[in-house]
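Naming convention: chains lettered A, B, ... in sequence-line order (proteins, then strands); numbering from 1 in each chain.
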Amino acid sequence: MSNPSPTYQTAKGFCLTSAFWMIVGTLMGLIGATELVAPDLTKNIGWLVFGRVRPIHINIVLFGFVTPGLLAAAFYYFPRLLKTELYSERLGVVTVVAWNIALVAVVLTLMLGYTQGREYAELIWPIDVAVIVVFLMVFFNFIMTVKQRTEPVLYVSVWYALAAVILTACTYALGNIVWRPSSGALVGIPDAIILWFYGHNVFGLLLTPLSAGVTYYVIPRSVRAPLYSHTLSLLGFWSLIVVYTHIGTHHLLQVPVPTWLKVIAIVDSVAMVIPVMAFLINIWYTAKGRLGEIHADIGAKFVFTGTIMYFFVSIQGSMMSLPDVQRVTHFNNWVVAHAHIGVLGFAGMIALGGLYYILPKVTGRPLYSRLLADIQYWLVLIVSIGFTVVLTIAGLIQGNGWLNGETVYRILPQIHPYYVTRASLGLILVIGAALGFYNIVRTLFVRSGEAVT
Amino acid sequence: MYFPYFITYMSIGLVISIVVFIWALKNGQFRDQQRARFLPLEDDLDQTAAGTSRVSRYEMYGLFLLALAGLGASAAVLIYSLFYAP
């Protein structure tokens, strides 16, 4: 390293951001889930109605919890893999502050009812601009660090992180129709196409590459073995870029969008097997015979579990793009289960893994409590699996209902127990988030324990 | 045109991807892949790893069972959907 004592202020800032907003994001999810079983609970509290709580939950989990967690690790591994200093730690800290201001604005505006009303693209224009600006700030810091590198070869994690950040800045601008500030929307079918292109990519082209980047860094280091194949990892990266960018229309197979677009979306959704398996084979072969090391490192344990979830969510994703499968799985809680495996089980797990992996390195001290982190691991894992099971069952009941022409009110009592279970699992997750926040704050701010050499 | 924004984005994305790919090719990013495998390890290594305990083996079994349950559920839905496809 050219800098013997980097401060990692940006990485620390994103760690704290992720840990704090995980509590807020999951709490909003819990409130929303509770309202689905007890609608009168928040009666007459306008800023807490389901229609406001749900977008807050989604946006905060995406931009408040998971993305900053993954970026924290990226801001740690960028200088190390490129054998240089971060281009500007000050710019990084400014980015963290701006990011948090934007998140506060997200919560306040959505609670006050300021929304553009498009699913996943609810945020109003000024916040849209703020989101794009912070992503560009991160990209600028990354690309300038790349420019001043002393290591000529870009490791695959660097490729993934760069692509995630710049693609998201573009996707966000386009998907939120930023050139139309008043509505943030087109009209009719073109708007649906662009919205679902955005809705899929804002998760897929942000969380997936960032998570892959963290995994490609953490797993070889924690098992102390070289990556199984760097060539295979680059094949996975480039195939992801080729096939993942235009699969969003698989959300619109029941809609009169052009058939060629549906065909592209379905074919590329199935073709996602290539980058997914390239990534998983690479990681699992790297870890083969070294699971003891993974268990010994709480960060690697989170990350490795995230890769298992990635397998499931990706196989599901490819399956769900098939029209016959969608007849059962679309427009019901199956999709919600899929989203929770993806965002919580895969990307959320890896974000937490990245945090726990880098925390001892950036602070120079061991984690405050390995036990608390282990408890959080099991809580998050149980909740991820639990969400998947109960929401999949609820989705199948609903899907079966649609398929057989059953009326909605006759289905609702059947899914009630699963909604109650979902809310209880949400409570467990909030507890897990609070434990994690406490652990991370203690690690960052309380000087205790011995220094890590 | 019916969906100009989508086609514009795809075209811009494709052009940028190709330009970056060509840059990577000319810049030698695809050479020396054997050394690239070791890049994360070139830094100072962490503390020595702890061995596998009995508890961690149980954890592994637990994860394996959960994984099997998830795979089973997914397979069941696929079979169900295809079986009932009109």
Side-chain angles (χ1 to χ4, degrees), chain A residues 1 77 80-81 83 151-157 167 170 174 186 190 193-194 197 216-217 220-231 234 238 241-242 245-246 258 261 291-293 295-297 305 308 312 315-316 319 324-325 327-329 334 341 381 385 388-389 392 396 403 452-453, chain B residues 1-6 8-10 12-14 16-17 20-21 24 27-53 55-57 59-60 62-64 66-67 69-71 73-78 80-86:
Chain A
M1 293 284 296
Y77 68 64
R80 299 183 88 84
L81 286 171
K83 299 193 175 77
E151 166 56 55
V153 176
L154 301 184
Y155 184 65
V156 65
S157 298
L167 283 170
C170 299
L174 191 77
L186 302 174
I193 293 172
I194 213 146
F197 145 81
Y216 273 124
Y217 182 75
R221 277 189 68 85
S222 58
V223 301
R224 294 157 186 81
L227 185 64
Y228 175 68
S229 167
H230 196 259
T231 312
L234 289 181
W238 285 101
I241 296 299
V242 171
T245 39
H246 24 73
L261 201 50
L291 291 178
E293 281 89 334
H295 276 291
D297 187 313
T305 307
I308 297 169
F312 288 119
I315 295 294
Q316 260 197 336
M319 269 169 31
D324 277 348
V325 176
R327 284 178 188 279
V328 178
T329 63
W334 170 283
I341 311 177
L381 182 63
I385 302 284
T388 308
V389 172
T392 299
L396 287 178
L403 210 59
V452 173
T453 51
Chain B
M1 208 164 17
Y2 189 45
F3 22 71
Y5 306 109
F6 197 82
T8 306
Y9 179 82
M10 284 167 78
I12 293 172
L14 196 65
I16 293 175
S17 303
V20 174
F21 186 82
N27 196 250
Q29 291 299 324
F30 302 120
R31 289 188 221 126
D32 209 3
Q33 291 294 297
Q34 281 304 317
R35 193 176 74 78
R37 294 171 59 215
F38 289 83
L39 281 177
L41 304 175
E42 287 185 3
D43 226 338
D44 50 326
L45 275 176
D46 310 331
Q47 313 92 300
T48 46
T52 314
S53 68
V55 174
S56 54
R57 276 206 304 279
E59 274 186 303
M60 203 61 222
L63 284 173
F64 183 68
L66 288 170
L71 196 60
S74 297
V77 168
L78 182 62
Y80 176 85
S81 337
L82 295 177
F83 188 72
Y84 283 98

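Within the 4.5 angstrom heavy-atom criterion, no atom of A:Tyr77 approaches chain B. When heavy atoms are compared at a cutoff of 4.5 Å, A:Thr231 approaches chain B by way of both its backbone and its side chain. With a threshold of 4.5 angstrom between heavy atoms, A:Leu167 approaches chain B through its backbone and through its side chain.
Atom-to-atom distance recorded for B:Gln29:CD and A:Tyr155:OH is 14.0 Å, nearest 0.5 angstrom. Distance SG/A:Cys170 to CD1/B:Ile16: 6.0 Å, rounded to 0.5 Å.
Inter-residue side-chain proximity for A:Pro152 and B:Arg35 is flagged as met; some heavy-atom pair is nearer than 4.5 Å.
B:Leu41 approaches A:Arg221 most closely through the heavy-atom pair CD2-CA, 3.9 Å. Between A:Ile241 and B:Ser17, the shortest heavy-atom contact is CG2-OG, 3.6 Å.
Judged as a ring-ring contact (aromatic ring centres under 6.0 Å, His included), and not counting sequence neighbours, the contacts of A:Phe197 are B:Phe6, B:Tyr9. For B:Phe38, there are no ring-ring contact (aromatic ring centres under 6.0 Å, His included) partners, not counting sequence neighbours.
Judged by distance alone, with hydrogens and angles left aside, the side-chain atoms of B:Arg37 form a donor-acceptor pair with the main-chain N or O of A:Leu227 at under 3.5 Å.
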Determine, step by step, whether B:Leu39 and A:Lys83 satisfy the side chain to side chain contact (heavy atoms under 4.5 Å, CB included) criterion, reporting the C-alpha distance in whole Å, the side-chain angles of both residues, the deciding distance to 0.1 Å, and the verdict.
CA-CA 10 Å; B:Leu39 281 177; A:Lys83 299 193 175 77; 3.8 Å; yes

